[in-house]
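Note on naming: letters A, B, ... go to the chains in the order of the sequence lines (proteins, then strands), and numbering restarts at 1 for each one. All values below come from the heavy atoms of this structure, side chains included, with hydrogens, waters and symmetry mates left out.
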Amino acid sequence: MKLPEASNFIEQIINEELAAGKFEKRGNKLQVRFPPEPNGYPHIGHIKAMCINFGVKEKYGAKLNLRMDDTNPAKEDYEYVNSLVDACKWLGFEFDQLVFASDYYDKLYEIAEKYIIDGNAYVCDLSAEEITATRGTLTEAGTPSPYRERSVEENLRLFREMKAGKYLDGAKTLRAKIDMTSPNINMRDPIIYRIAHVSHYRTGDKWCIYPMYDFAHPVSDAIEGITHSLCSLEFENHRPLYNWFVEKAGFEAPLPRQIEFARLNITNMLMSKRYLKKLVDEKIVSGWDDPRMPTVAGLKNRGVPPEALKKFCADIGVAKAYSVVSQAQLDSCIRDNLNENAERAMAVLNPVKLTVTNYVGEEELSFEKNPMKADGATRDIKFTGTVYIDRDDFSLNPPPKYKRLYKGGTVRLKSAYIVRCDDVKLNNEGEVEEILCTYFPETKSGSDKPSEVKAKGVVQWVDAKYGKQVVFKQYQPLLKDEEYADQDYAERLNLDSEKSFNGIAEPYLAESEDGKPFQLMRTGYYKKSSANGFTLSEIVSLKDSFNK
RNA sequence: UGGGGUGUCGCCAAGCGGUAAGGCAACGGACUCUGACUCCGUCAUUCGUUGGUUCAAAUCCAGCUACCCCAGCCA
């Protein structure tokens with residue numbers, strides 16, 4: 001059998017198993033799953049998990065189910081399952097089936113009865129507080145529940161009564177009979193079913209008992225025939241329990257294997273669901289798709305190409321070491337993709353008038369749509385000699401090596417002409433009101449003739465007559481706020497209260513008629529120290545363009 | 001103080017007993033009608049630490065140390 005080249009330790013494990021013939025019985029057909037709980041919108045952390053799972057699907061021709069781990073009716077809703085499905089679609093990930101843990105409720109119930117019959121589970125009358133108290137601590141063993149030795153018949157009767165709705169929430173639980181003295185606290189008779197008279201978004205009021213994750217997840221995996229159950233590091237301690245539930249349920253080999261990897265952290269980006277939900281609920285942001293959100297919807301809204309996110313995930317790799325990836329690495333992937341694919345437009349965010357005093361009339365100039373594409377596609381832009389340039393592109397006191405415009409200096413108006421600044425009009429406050437220039441006809445963009453006149457810099461401009469004015473919606477950056485951010489978590493992400501986080505410092509967004517996004521790339525900063533090249537905040541979705 | 005994990009360049013991360021890949025960042029320089037892009041060059045005698053095994057160790061063994069996870073009827 002020819003094995004694909006493993007690109008991470010998980011695939012390495014898979015290759016070893018394949019080589020050992022572990023899956024021959026099932027024709028070496030593998031199966032994985034992406035199992036979010038539909039209780040929030042997926043964020044960039046989910047994308048990493050998707051890339052890992054869909055990566056196995058693509059590399060090994062495995063089957064992949066998108067499974068909603070919906071075992072806690074209190075938090076889940078269709079709004080979230082839709083957001084999860086949308087995220088997969090947008091990222092171009094095709095799953096084989098959309099399944100729900102709640103599809104398995106009947107089967108899960110049957111297996112729970114089997115545990116009882118086999119003497120592996122019992123109904124416990126202890127209250128939540130009592131269970132906590134008897135569970136022991138990290139260093140002390142727990143004590144067995146007084147209900148631990150009930151007969152199979154009694155357990156079965158009680159469990160059926162639980163299901164029938166005879167008891168109040170919290171009155172009883174079904175517990176796995178494992179080992180109250182286990183050093184692994186997860187093995188100290190964990191709860192399998194709890195009573196909750198809560199309506200479920202899919203099963204309605206059919207059930208008043210709901211399975212716990214620790215039981216439902218491994219068994220769902222086994223039911224589906226999952227071979228590799230990939231999850232994040234915090235479930236490592238649950239693995240023995242995962243195996244216990246699968247084995248005691250009586251499934252046949254090859255049994256699903258849980259493999260854990262480190263979840264994604266990015267500097268200056270807070271991704272905890274609790275935090276994001278709070279931002280949405282308290283209307284700090286416009287919604288889950290606010291462009292400042294690290295959600296898939298937010299990223300999409302911001303103009304981030306899905307391919308850039310996949311590239312990012314491929315670049316950062318998969319490992320078990322706790323890590324915080326620098327946001328610069330994400331930005332780099334986005335920039336690369338945008339630079340390659342985005343159509344260009346010129347825009348000025350902070351306009352100042354520039355008049356070419358020796359220019360009369362108007363003409364059409366050719367503007368390259370994307371200098372990275374070899375097709376030479378252009379669009380026409382009009383020039384009348386009166387334009388706006390960005391205030392940052394002119395200086396009254398030019399520092400050394402300044403490459404843009406200043407009095408007496410020259411600069412090229414991109415795609416147009418080289419101009420020389422002759423004079424500047426100031427207003428009462430001493431601010432620049434108008435820049436007066438002379439242009440050099442022979443320097444017209446595209447002309448082959450070498451000109452005497454040279455310009456070191458190039459600036460963007462917008463024609464005063466034909467340029468479109470767009471109202472930018474400028475978002476306030478989200479700042480670290482004790483009220484919204486988990487302090488410890490924030491500290492680990494190197495959050496600096498002085499700086500904005502969640503990826504955007506100054507997002508400018510504008511709506512257009514055709515909804516087609518344009519990428520605005522500002523020219524670099526003079527000061528290399530602050531940013532050599534643009535940062536993410538300078539590449540924004542411009543849903544309209546100037547001089548279009 | 002119990003158990004489970006992890007420690008390789010500023011940040012990710014390969015490496016799996018034969019003498020430290022790659023990406024991001026940074027720094028030089030070339031080029032440029034976006035100070036971008038592109039290009040070329042620099043960037044770990046050293047792999048948490050101390051010992052041991054070996055002709056040979058980041059890789060094997062032992063001790064130490066740091067950090068992360070676990071005591072929800074959440075996932």
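The gap from the P atom of rU45(B) to that of rG10(B) amounts to 10 Å, rounded to the nearest Å. Here, rG17(B) and rG52(B) have their C1' atoms 15 Å apart, quoted to the whole Å.
Not one side-chain nitrogen or oxygen of T139(A) sits closer than 4.0 Å to the OP1 or OP2 atom of rG3(B). Between R335(A) and rA25(B), a side-chain N or O to OP1/OP2 separation shorter than 4.0 Å is present.
Residue side chain Q329(A) reaches the base of rG23(B) through a donor-acceptor N/O pair under 3.5 Å, judged by distance alone. Contact annotation: side chain of N237(A) to base of rG5(B), donor-acceptor pair absent below 3.5 Å. Counting distance only, with no hydrogens placed and no angle test, the side-chain atoms of N186(A) and the base atoms of rC70(B) include no donor-acceptor pair under 3.5 Å.
Rounding to whole angstrom units, CZ of residue R263(A) and P of rU6(B) are separated by 18 Å. We find that OH of Y193(A) is positioned 14 Å from C1' of rC73(B), with the value rounded to whole Å. Between the NE2 atom of H217(A) and the P atom of rG72(B) there is a distance of 21 Å, given to the nearest Å. Rounded to whole Å, the distance from CG on N8(A) to P on rA21(B) is 21 Å. Regarding H238(A), its NE2 atom lies at a distance of 10 Å from the C1' atom of rG72(B), rounded to whole Å. Per the geometry, CZ belonging to R404(A) stands 12 Å off C1' belonging to rA36(B), to the nearest Å. In this structure, I334(A) places its CD1 atom 13 Å from C1' of rC24(B), rounding to the nearest Å. Taking atom NZ of residue K311(A) and atom C1' of nucleotide rG22(B), one finds them 11 Å apart after rounding to whole Å.
Base engagement by A128(A) is indicated by at least one non-hydrogen atom pair under 4.0 Å involving a base atom. If you check every strand for non-hydrogen atoms under 4.0 Å, Q12(A) touches a base. Within the 4.0 angstrom heavy-atom criterion, base atoms lie near K444(A).
Nucleotide rG72(B) carries a syn base; the chi torsion (O4'-C1'-N9-C4 or O4'-C1'-N1-C2) is within 90° of 0.
A salt bridge links K277(A) to D281(A): at least one charged side-chain nitrogen sits closer than 4.0 Å to a carboxylate oxygen.
Crowding of K456(A) atom NZ: a count of heavy atoms from other residues, nucleotides or ligands under 6.0 Å not exceeding 12.
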